[in-house]
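For reference, the structure discussed in these notes is given below.
One-based numbering along the sequence shown.
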Amino acid sequence: MPEGVTVRLRSRLMAARRAAAMARRAQDTAAERATRDHVHTAKVALGERGMPWWDQQEPERRPLERRAGRTRRAG
């Protein structure tokens, strides 16, 4: 994965972690769940959870590539 993409994904991951911590401190369970979903998506896109999508066969990786793309474009 290109370094620029990795940097952006890690930035999104850290932002999602900070948002999850803020939601937890505010005791906002819905916001915490949503931000934890963003954390998970970023970790999958970075290849930190599950089989890295770039090592999978084409039909298996399409949904993960889409998720990685959404993470890269997110906020």
- Please report the shortest heavy-atom distance between Leu9 and Ala42, naming the atom on each side. O-CB, 4.3 Å
Quick one: pull up [atom1] in [X] and [atom2] in [Y] and give me the separation to the nearest 0.5 Å.
{"X": "Arg18", "Y": "Met14", "atom1": "CZ", "atom2": "CE", "value": "6.0 Å"}
{"X": "Arg17", "Y": "Arg12", "atom1": "CZ", "atom2": "CZ", "value": "15.0 Å"}
{"X": "Glu32", "Y": "Arg25", "atom1": "CD", "atom2": "CZ", "value": "10.5 Å"}
{"X": "His38", "Y": "Arg33", "atom1": "NE2", "atom2": "CZ", "value": "11.0 Å"}

- Residue among Val5, Thr41, Leu13 satisfying side chain to side chain contact (heavy atoms under 4.5 Å, CB included) with Leu46: Leu13
